[in-house]
Every structure is written in structure tokens, then in C-alpha cells.
There are 6 protein chains.
Amino acid sequence: MTTAVFPGTFDPITNGHVDIVERALTFADRVIVLVAHNSSKAPLLDARTRVGLAEASLFHLDGVEVHTSEGLLVDACRELGADVIVKGLRGGSDFDAERPMALMNRAVGGIETVFIMGDSALAHVASSLVKDVARHGGRIDSFVPEAVATEVYAAVAAQ
Amino acid sequence: MTTAVFPGTFDPITNGHVDIVERALTFADRVIVLVAHNSSKAPLLDARTRVGLAEASLFHLDGVEVHTSEGLLVDACRELGADVIVKGLRGGSDFDAERPMALMNRAVGGIETVFIMGDSALAHVASSLVKDVARHGGRIDSFVPEAVATEVYAAVAAQ
Amino acid sequence: MTTAVFPGTFDPITNGHVDIVERALTFADRVIVLVAHNSSKAPLLDARTRVGLAEASLFHLDGVEVHTSEGLLVDACRELGADVIVKGLRGGSDFDAERPMALMNRAVGGIETVFIMGDSALAHVASSLVKDVARHGGRIDSFVPEAVATEVYAAVAAQ
Amino acid sequence: MTTAVFPGTFDPITNGHVDIVERALTFADRVIVLVAHNSSKAPLLDARTRVGLAEASLFHLDGVEVHTSEGLLVDACRELGADVIVKGLRGGSDFDAERPMALMNRAVGGIETVFIMGDSALAHVASSLVKDVARHGGRIDSFVPEAVATEVYAAVAAQ
Amino acid sequence: MTTAVFPGTFDPITNGHVDIVERALTFADRVIVLVAHNSSKAPLLDARTRVGLAEASLFHLDGVEVHTSEGLLVDACRELGADVIVKGLRGGSDFDAERPMALMNRAVGGIETVFIMGDSALAHVASSLVKDVARHGGRIDSFVPEAVATEVYAAVAAQ
Amino acid sequence: MTTAVFPGTFDPITNGHVDIVERALTFADRVIVLVAHNSSKAPLLDARTRVGLAEASLFHLDGVEVHTSEGLLVDACRELGADVIVKGLRGGSDFDAERPMALMNRAVGGIETVFIMGDSALAHVASSLVKDVARHGGRIDSFVPEAVATEVYAAVAAQ
């Protein structure tokens with residue numbers, strides 16, 4: 001049985017993340033979405049909300065779990081019995097940015113990272129861009145699951 | 001059970017290829033090295049030799065098979081029961097070059113490609129560079145398995 | 001009135017090329033598809049066929065013409081009254097490859113090149129990959145206009 | 001008539017920006033420099049100053065206007081009657097960074113982005129580097145119009 | 001005699017930096033590690049500690065000096081009699097990010113930048129990743145000299 | 001004393017190559033232009049002509065020599081007493097393409113490669129593009145030294 005960990009801030013989870021999870025299930029029996037608890041990125045949504053939205057968005061998929069993590073990614077991977085880390089790639093620059101982290105996780109925790117391409121039609125669906133659209137009054141319901149859109153609209157209105 | 005196909009010309013197989021196969025075994029139970037029979041690249045070694053060297057170089061690994069293919073990669077994947085295609089990446093340009101092919105295989109055959117990073121210490125061990133060194137009289141025995149070095153020296157001497 | 005020249009080998013024209021022409025029409029009143037006559041790339045289809053297929057594939061679009069060229073691109077642009085050259089980009093490596101040519105055309109002919117992104121859903125639809133699929137017995141009718149598919153199947157069968 | 005919007009923070013406008021505007025005029029009849037009012041980047045100069053400097057720097061060019069915007073870029077484009085968004089590119093990484101935003105603007109507003117190469121001799125003239133040089137006591141008058149240099153020296157001295 | 005300046009924040013110096021210094025000594029007789037005093041990056045360690053750790057880590061190498069700088073890099077280079085600036089590169093994106101700065105230093109100070117590749121086996125050893133590992137309770141003693149590890153553990157514990 | 005080897009096909013030497021040699025002289029006392037004798041690239045000009053044109057184009061520079069080589073680059077470097085190999089870079093993709101070769105030369109011959117940026121204003125002056133312009137009847141005298149232009153015009157006329 002192959003277990004893959006898909007780490008991130010998921011602030012919020014998007015249709016792009018859901019797509020990566022679905023593709024990871026082609027080679028992994030179990031995919032764990034690992035929500036980083038304390039991000040240096042000052043998330044829009046608190047960790048509990050991010051986890052809840054991820055669970056609601058992935059409920060329809062078998063073999064998927066949502067966990068949170070506060071420490072080293074490689075420590076969480078060991079505790080969760082992960083065989084590999086999964087990351088999505090859009091272009092060459094993404095890989096250049098991910099490579100040092102993937103090599104560090106290999107060096108520190110002996111764990112491999114596998115990279116998969118998301119759906120081309122979702123190449124623009126990044127959490128940061130989605131929040132940006134919402135903050136400027138645009139509609140985001142074609143980029144995120146319905147429950148996510150509602151939470152994001154509320155959170156940007158409260159800022 | 002996860003089956004991964006690792007396609008290429010393997011002209012010849014190098015320590016870099018062996019490293020990718022070993023890493024693929026962290027998430028795949030079965031890794032099939034698929035040697036492209038008729039390459040447009042005018043290989044140095046004939047297909048039979050390339051297959052034999054791959055088999056000899058991977059003999060020590062459980063769950064690894066070597067096959068050849070003449071048609072569409074996605075057809076071979078279907079016949080072999082592959083869940084994913086595996087490719088090694090060294091830098092961002094590699095990904096930009098692989099992406100259209102991976103998207104085409106997804107469009108034509110519905111099969112995903114997963115990308116893994118080879119050992120950094122082998123980043124220069126490409127078949128083309130290895131042959132180049134051998135052609136100019138350099139030693140290649142730290143880049144390829146022993147049996148491969150012998151065949152390559154003989155083949156370049158015969159050119 | 002803005003005239004844009006879209007140069008290439010068009011061996012054959014694909015849905016990806018048609019998409020670029022349609023997008024170029026958002027800023028250009030007249031888009032000229034310029035088929036390079038004597039390519040160093042040993043085309044599968046002769047120039048006359050490539051022109052004919054381009055014309056058939058673009059017939060439905062107003063403001064589009066198909067021409068051929070044998071000399072310097074910048075000379076053809078001058079004769080055709082072009083304001084800019086148009087090129088499609090898929091990733092960062094594409095731009096790095098196009099940049100020296102675009103700078104050379106600026107230096108030699110004083111003409112600018114503008115780059116546009118094709119439809120993400122067509123990112124894999126390159127002429128070379130389409131021919132590769134056809135050569136190996138795969139179907140290409142979702143990547144090229146119908147008339148093109150027929151010609152390509154015939155040409156690869158005749159090889 | 002083709003209208004192009006060139007969006008940015010313009011903190012401050014540089015000779016590099018002026019060069020892009022001049023090149024955009026080869027295919028656009030009207031180029032609108034759109035100064036983002038509320039940037040998350042904590043600009044050195046206030047929006048009014050940035051607009052004023054842009055106007056002074058582009059005064060010599062026919063068909064150029066300077067506007068400000070507070071909301072979604074695509075909404076501003078619609079109100080201004082823009083046919084395309086224009087962006088300058090220096091290297092492949094620039095394109096990889098711009099692509100998701102360009103795809104998002106296409107998805108949200110149905111507007112295309114065209115990319116043009118600036119003058120190679122100005123490849124280093126970015127607003128951030130210019131401010132950095134000024135902050136450390138260097139001269140910037142070969143990188144920005146004269147009125148801009150005066151304002152930037154005053155602003156960094158006041159920090 | 002060739003003098004090279006290797007500028008950076010060195011927060012902290014890593015085995016990767018030491019490796020670059022050693023390689024720079026293959027063409028430079030004198031390599032000056034130039035620690036930027038006031039970084040906008042909010043360093044973990046104060047400038048005096050960063051200088052001390054750099055000195056301790058490079059003590060075994062002949063021809064190496066450690067200096068600090070507060071102003072323009074090109075001014076420091078002139079005062080130190082530098083012939084070139086040295087930078088390490090890991091991938092293509094690194095070069096795209098360094099290029100504008102290198103061109104600016106050429107334009108402002110007439111000084112060239114030469115780029116060298118670090119040891120592939122240290123491609124993940126970046127100061128930011130090392131601090132990240134330490135903050136999350138991981139071990140960093142295989143990435144930095146011994147004295148550095150002690151200081152970093154103390155500094156992250158005090159945060 | 002620092003000796004740098006600048007290897008290539010030099011078919012023909014361009015103003016871009018001359019620029020790199022001049023910049024290499026800022027850190028090297030002796031720069032050796034090493035013309036690859038037997039290139040797999042089917043050069044337009046024979047090796048003797050390429051050497052002669054390089055000598056004529058570099059005659060005005062002190063500390064520059066032109067040599068030819070038939071074997072491994074690292075063997076030539078050893079015989080010539082080279083401390084480093086020098087390569088010019090234009091963009092990130094260039095570096096990704098050069099890196100495996102540079103790592104191979106380090107592995108096989110223990111020699112470092114240093115990368116320098118050419119003059120931005122010459123970013124389009126590549127031998128292949130220059131020949132392409134000449135073949136199509138364009139003028140190349142602003143891209144290559146005068147003697148080179150004469151030889152190239154003659155060679156393309158004789159093809």
C-alpha cells in the first residue's frame with residue numbers, strides 16, 4: 001500500500017488542490033492532505049477552518065484524509081507512515097523553487113518527493129490569486145468548492 | 001499494487017537511470033523499464049543490447065522488469081497494466097520539455113506522469129554525455145555499471 | 001489598422017495554431033499566417049499542402065490571410081506591411097528560446113515580436129507531437145482540423 | 001482601434017516602462033498606463049505622485065493616457081475599453097510568474113495579455129533595483145526620467 | 001592578482017557558502033566574503049555574529065577575508081579592490097533572479113559578476129532552509145560548520 | 001596567474017564571443033579560445049578558417065590565444081594549464097543546458113566552469129542566427145568582425 005502526503009497551507013483549498021489529490025490517487029492508495037498549522041504566510045483563514053474546508057471538499061474521494069502539522073514535514077511523514085511527498089507543478093520555475101525543499105526533505109528525512117502536473121485548465125487557480133480576486137470584489141465560485149467560496153467572501157469582508 | 005513505466009532509449013542505461021528506478025520503488029511495487037525499440041535518435045547500441053544491459057544493471061532490484069516497445073507509449077502502458085509513467089527531472093528546463101509530452105500522454109491515453117528528482121550527485125550522468133566522454137577517450141566506469149562500460153567502449157571503437 | 005504576422009512551418013497547422021490566430025485577432029485587424037517555404041526541418045508535408053490546410057482551417061475567421069515566404073522573415077514582414085510578429089508561448093523555456101530570434105528580428109528589421117499564451121487546454125498540441133502520435137498509429141482528430149488529420153494519416157502511411 | 005492597458009505599481013516609472021509603452025504603440029493606437037492605487041507592496045511614493053511622474057514621463061508620446069485603479073484589473077479594463085493587457089518580459093522566469101495572472105485575467109474577464117520584450121540595454125532597470133541604488137546613495141539618473149530621480153532622492157532621504 | 005567579492009547576508013554561513021569560496025579560489029587569489037550589515041531580510045543573527053561565524057568557518061582557507069558593508073555593493077567592491085563579484089547558481093531560475101542585479105552592478109560600478117556552480121550534493125543547503133529545519137526541531141549539523149549550528153540552535157530557541 | 005579556457009565551435013566567431021573574451025580578462029590573465037576541431041554540428045567553416053578568423057578578431061587583446069582541440073575538453077585544459085573553463089550565459093535555460101556539461105567536466109577533469117553574462121545589447125548575436133541571416137540574404141556586418149562577414153558571405157554563397 002502506498003501512502004502519499006500532500007503538504008501545504010491550503011488557505012483555502014482550491015479546485016486545483018482537489019485535482020492534484022485525484023491524480024495522486026492513481027498511484028497512491030492513501031493520500032493525506034497535510035495542512036501546515038503555523039504558517040509564516042499569515043493565512044486568511046485559521047487552521048481549523050482550513051482543515052474543515054479541505055475535509056468538505058474531499059469528502060467524495062475514497063482513501064483521502066486531512067491532518068494538520070506543526071513541526072518538521074519529515075517528522076509528520078514518518079508518524080503518518082508516508083512513502084512519498086506529493087507536489088503539483090505548473091512550470092519550470094515551480095520545479096526550481098521546489099527542488100531545494102525536496103532535496104532537504106530527502107536529506108533530513110530520507111523521503112522522496114514526486115511531482116505531478118495539475119489540470120492545464122486550472123493552471124491559474126492558486127490560493128493567492130483566488131483571494132486576490134475575492135478581495136477586489138470578483139467572483140471565485142468557479143475556482144473553489146462552494147463551501148470555500150462562502151468562507152472566503154466572509155473572511156475578506158471581515159478584514 | 002502500483003505499476004510504473006519508466007520509458008526511454010537507454011542508450012546506454014546509466015547509474016542515473018538505476019537511481020531513478022530505485023526511487024520509483026518507494027511508491028511503486030512494480031517498475032517496468034521500457035526500452036524504445038526504434039528511436040529517431042540513431043542509437044549507438046542496438047535494442048537487444050540496450051535491453052540486455054538494462055536487465056544486467058537492474059538484476060539486483062526486486063519488482064523491476066525490462067520490456068521493449070515499438071508503438072505508442074500509452075498503448076504499451078495499457079498492455080502492461082501501468083498506473084503511471086515515471087520520468088526523472090534535473091532542472092526547470094527539463095520539466096518544460098517534458099510537459100507537452102506528459103499532457104499528450106494524458107490526452108491520448110488517460111495516463112499520468114509523475115516526476116522524480118534523481119540523486120544530485122549524478123546530475124551530469126546523461127547517456128549522451130557518457131557516450132561523448134567515451135568517444136573522446138575518457139573513462140566512464142564511474143557513470144555506468146561495469147558491463148555497460150565494456151559495451152560502450154567496444155561500440156565507440158567500432159564506429 | 002494593425003497587421004500581425006504569425007510565422008512558422010505549420011507542418012501541419014493544429015488547433016493550437018488556430019487558437020493563437022483567434023487570440024491575435026483581439027488586437028490585430030489583420031493576421032497573416034506566414035508558412036516558411038524551405039524549412040531546415042525536413043517537413044512531412046510539402047509547402048503547398050501546408051498552405052492549403054492552413055487556408056482551410058482558418059477559412060471561418062475574418063481578417064486572416066495565408067502567405068508563404070522563402071527569405072528573411074523581416075523582409076516578408078516589410079512587404080506585407082506588418083506592424084508586429086506574433087508568437088505563442090507555453091512556458092518559460094519557450095520564451096528563452098524565442099528571445100534571441102525576436103531580438104535579431106528587432107535588430108535586422110526593426111520589427112517587434114509580441115507573445116501570447118495559447119489555450120491551456122491545448123498546451124500539448126504541437127505539430128511534432130501530433131505527427132509522432134500519427135506515426136505510431138494513434139488518433140489525432142482532437143488536435144487538428146478534420147482535413148489536416150486526413151492528410152497527415154496519408155503522409156505518414158506513405159513514409 | 002486597438003486599446004492596450006499596461007498595469008503596474010510604477011513606484012516609480014522608469015526608462016524601462018517608457019520603453020515598453022513606446023513598443024506597445026507599434027500595435028496599439030491607445031496605451032493606458034494603469035497605476036495600481038492600493039498596492040500590497042507598500043510603495044515608496046504615494047499614488048498621486050506615481051501618476052504625476054508617469055504623466056510627465058510619457059507626455060511626449062501620442063496616444064498614451066495615465067489612469068489609476070483600485071479594484072480588479074479586469075473591471076478597469078472593461079471600463080476603459082481595453083482590448084488587451086500588455087506586460088514586459090525579461091526572461092523565462094518572468095513569464096512563469098506572469099502566466100497564472102494572465103490566465104486568471106482571461107478566466108475572470110475574458111481579456112488577453114500580450115507580452116513584449118523591453119530593450120535589452122534596460123534589462124536591469126526595475127523599480128525595486130532603482131530604489132535600492134538610491135537608498136544606498138547611488139545615482140539613478142540614467143535609469144529614470146529626470147523628474148523621477150528628484151522625487152526618489154527626496155523620498156528615500158525622508159525615510 | 002585576482003580579487004573576488006562574494007556578497008550575501010550569511011545568516012548563517014553554510015557548508016554551501018564554504019564550498020563556493022573554495023571553488024572561487026581556483027581562479028581568484030583573494031576571496032572576500034562581504035557580509036551585508038543592514039539587510040531588509042530581518043536576519044536571525046546580528047551582523048557581528050554572522051561575521052564571526054564566517055571567519056571561524058573559513059579560517060582554514062588561505063587568501064580569504066571577511067568584511068562587512070553598509071552601502072552600495074559596487075562601492076564596497078571599489079574600496080576593496082575587487083576585480084569581480086562571485087555568485088553561486090543552483091538552477092536556471094537562480095540565474096534569471098540574479099541577472100538584473102548583475103547587470104545593475106555592471107551599469108553602476110563597471111564590475112562583472114561571475115557565476116559558479118556549487119557542489120550538487122549541497123544543492124539544498126540554503127540558509128533559509130537550514131533555519132527552517134532548526135526552528136522545527138530538526139538537526140542541522142550536516143549543513144553548517146559546528147560553531148554555526150550551536151549559534152543557530154541558541155538563536156531560534158530565544159525567539 | 002589565472003588561465004581560462006573558452007571552448008566552442010566558433011562557426012564563426014561573433015562580436016558576442018569577443019565580448020565574452022574581453023569580460024573574462026577582468027579576472028583571467030590569459031584567455032585561451034579553444035576551437036573544437038571535429039564538431040558533430042557540421043560547421044559552415046572549416047576548423048582552419050575558424051581559427052584564423054578568431055585570431056584576427058582577437059588580435060587587439062593582450063593575453064588571448066587561440067588553440068584547437070580534438071579530444072576531451074578536460075584533457076585540453078590540463079595540457080594548456082587552465083584553471084577554469086569560461087562560458088557565456090544569456091538566460092536561465094542556457095544555464096540548465098550547460099550545467100550537466102559543467103558537472104561532467106568537474107567529475108572527469110576536476111575543473112570548474114565559471115559563467116559570465118555577455119553584453120545585453122548582443123543577446124541575439126549567436127553564430128547560428130548570424131548564419132541564418134546571411135543565408136537568407138541579410139546583412140551581418142553589425143554582428144561579426146569585418147573579416148568574418150566576408151568569409152561567411154562567401155561560404156553561404158558556395159553552399
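Throughout, protein chains are lettered first and strands after them, A, B, ... in sequence-line order, and every chain is numbered starting at 1. Model, not experiment: these values are computed from the prediction.
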So which part of A/Ala123 gets closer than 4.5 Å to some heavy atom of chain D, the side chain, the backbone, both or neither? both
Least distance between heavy atoms, A/His124 atom then D/Pro100 atom: CB-O, 3.3 Å
4.5 Å side-chain heavy-atom contact, D/Met104 and A/Val130: yes
What are the two closest non-hydrogen atoms of A/His136 and D/Glu70, and how far apart are they? CD2-O, 3.4 Å
Check whether any side-chain heavy atom of A/Phe143 lies under 4.5 Å from a side-chain heavy atom of D/Val108, and answer yes or no. yes
Name the region of D/Arg106, side chain, backbone, both or neither, that has any atom closer than 4.5 Å to a heavy atom of chain A. neither
